[in-house]
Amino acid sequence: MADKQTTKATKATKPAKVPRAVYEKELLRLQTELVKLQEWVRATGARLVVVFEGRDAAGKGGTIKRVSEHLNPRVARIAALPKPTERERTQWYFQRYVEHLPAAGEIVLFDRSWYNRAGVEHVMGFCTKEEYQLFLRQCPIFERMLVEDGILLRKYWFSVSDTEQQERFRKRLEDPLRRWKLSPMDLESITRWEAYSRAKDEMLVHTDITEAPWFVVESDDKRRARLNTIAHLLDSMPYQEIPPPVLELPRRPPSTGYERPPRDLQTYVPDHAAKL
């Protein structure tokens, strides 16, 4: 009975979902600020790394999409590394992530990161106990080196409840547009919920350091999670608006006699829209 009462109390205190109209208006405002942040990074030569971690279906990908949606891909890029090759498995663990770090004037958004070793690799047995322990010792050192070298490092952990994760998996299973997001590894995570919880707790104990703290994002409400993450990222950065260059459209010069070749000399895409 006590468990049921606790559940009801939790639901009662759970904030209402953000209305779509409110969400879209605030998201546009925040994305406008992200463009200003991008221009500040580019103009000042800053280097920004944002790490997005969390359980499967916790909302990382959707948030990354909204962060990068209006940014210049030459300045802001997403690093979503596949599983390591045989050669990469013989390297220092952090080595393949180092080559994706930003140069001056760049932003890198890590859709999962070196923390794979503290999560899926550890829980699924893809690394040895010794490799896992070595990661927990080296990771804080590695991140302190990044920060000491001037990299702006932000780390976000997306926290989703078991019931919400299960519902998102179900929707992916039924939706042909999102079916690709669901893998056997995702389904396996359902049966190892507590193992992933323990791994997350252990990870935070070792890597929630002063120089590079973790910020936890409650993500059962995707809209709320996206707004909260972007707002926090912006608030944590010392950016300033960089005045854009003054541009004017030039006058189109008069024609010099150019004539377009006949249309039947070129192959055009069929007008599918005309059949709708």
Report whether [X] and [Y] are members of the same hydrophobic cluster (ILVMFWY, side-chain heavy atoms less than 4.5 Å apart, transitive linking).
X      : Y      : result
Ile230 : Leu71  : yes
Met145 : Leu153 : no
Trp157 : Val120 : no
Met237 : Val49  : no
Phe110 : Val217 : no

Does this structure show an ion pair linking [X] with [Y], if we count only N-O contacts that are shorter than 4.0 Å?
X      : Y      : value
Arg29  : Glu33  : no
Glu202 : Arg198 : no
Glu218 : Arg224 : no

With rounding to the nearest 0.5 angstrom, report the [atom1] to [atom2] distance, [X] to [Y].
X      : Y      : atom1 : atom2 : answer
Arg144 : Glu211 : CZ    : CD    : 4.5 Å
Ile209 : Leu204 : CD1   : CG    : 12.0 Å
Arg89  : Cys127 : CZ    : SG    : 12.0 Å
Leu227 : Glu24  : CG    : CD    : 10.5 Å
Ile78  : Asp111 : CD1   : CG    : 7.0 Å
Gln240 : Lys36  : CD    : NZ    : 12.0 Å

key: All pairs passing side chain to side chain donor-acceptor pair (under 3.5 Å) where residues 41-50 contributes a residue, at least two apart   = Glu39-Arg42, Arg47-Asp149

query = Does any pair with a residue in residues 244-255 pass side chain to side chain donor-acceptor pair (under 3.5 Å), and if so which ones, sequence neighbours excluded?
reply = none

Going by atom types only, do [X] and [Y] share a side-chain donor-acceptor pair under 3.5 Å?
X      : Y      : value
Asp186 : Ser189 : no
Arg55  : Ser219 : no
Ser113 : Glu53  : yes
Gln31  : Glu69  : yes

Under the side-chain contact (heavy atoms from CB on, under 4.5 Å) test, residues paired with [X] that sit two or more places apart:
X      : value
Glu106 : Arg77, Pro102, Ala103
Asp235 : none
Arg223 : Val18, Arg20, Tyr23, Asp221
Glu167 : Arg170, Lys171

Nearest atoms (heavy-atom pairs only) where [X] meets [Y]:
X      : Y      : value
Glu143 : Ala212 : OE1-CB, 3.7 Å
Ala79  : His100 : CB-CB, 4.4 Å
Val108 : Leu101 : CG2-C, 4.2 Å
Met203 : Ala118 : CG-CB, 3.8 Å
Gly105 : Val75  : O-CG1, 3.4 Å
His122 : Ala199 : CD2-CB, 4.0 Å

task = Check the pair Leu30 / Leu234 against side-chain contact (heavy atoms from CB on, under 4.5 Å), numbers first and verdict last.
result = CA-CA 8 Å; Leu30 291 173; Leu234 291 167; 3.8 Å; yes

Is there a donor-acceptor pair closer than 3.5 Å between any side-chain N or O of [X] and the backbone N or O of [Y]?
X      : Y      : answer
Gln165 : Asp56  : yes
Arg154 : Ser236 : yes
Gln38  : Asn72  : yes

Applying ring pair (Phe, Tyr, Trp, His ring centres under 6.0 Å) as the test, list every pair that has at least one member in [range]; sequence neighbours left out.
range            : value
residues 182-214 : Tyr115-Trp214
residues 26-85   : none
residues 219-240 : Tyr156-His232, Phe215-His232

Can you give me every donor-acceptor pair (side chain of residues 129-136, partner residue at least two apart or in another chain, under 3.5 Å) with its distance?
{"from": "Glu131", "atom 1": "OE1", "to": "Thr128", "atom 2": "N", "distance (Å)": "2.9"}
{"from": "Glu131", "atom 1": "OE1", "to": "Thr128", "atom 2": "OG1", "distance (Å)": "3.4"}

Is any side-chain heavy atom of [Y] closer than 4.5 Å to one of [X]?
X      : Y      : result
Arg226 : Lys65  : no
Leu109 : Ser68  : yes
Leu182 : Arg179 : yes
Leu37  : Leu48  : yes
Arg96  : Leu81  : yes
Phe158 : Thr229 : yes

request  = For Arg117 and Phe126, run side-chain contact (heavy atoms from CB on, under 4.5 Å): C-alpha distance rounded to whole Å, both residues' side-chain angles, the deciding distance at 0.1 Å, then the answer.
outcome  = CA-CA 8 Å; Arg117 176 137 296 177; Phe126 296 154; over 6 Å; no

task = Among Tyr93, Phe94, Tyr97, find the one that has a ring pair (Phe, Tyr, Trp, His ring centres under 6.0 Å) with Phe142.
result = Phe94

query = Taking everything shown except Leu249 itself, do over 12 heavy atoms lie less than 6.0 Å from its CG?
reply = no

message = Using a 6.0 Å cut-off, check whether atom CE of Met124 has over 12 heavy atoms from anything other than its own residue.
response = yes

message = Using the side chain to side chain donor-acceptor pair (under 3.5 Å) criterion, which residues pair with Trp180? Sequence neighbours excluded.
response = none

Can you give the donor-acceptor pairs under 3.5 Å from side chains of residues 262-269 to other protein atoms, not counting sequence neighbours?
{"from": "Gln266", "atom 1": "OE1", "to": "Tyr268", "atom 2": "OH", "distance (Å)": "3.1"}
{"from": "Tyr268", "atom 1": "OH", "to": "Arg260", "atom 2": "NH2", "distance (Å)": "2.8"}

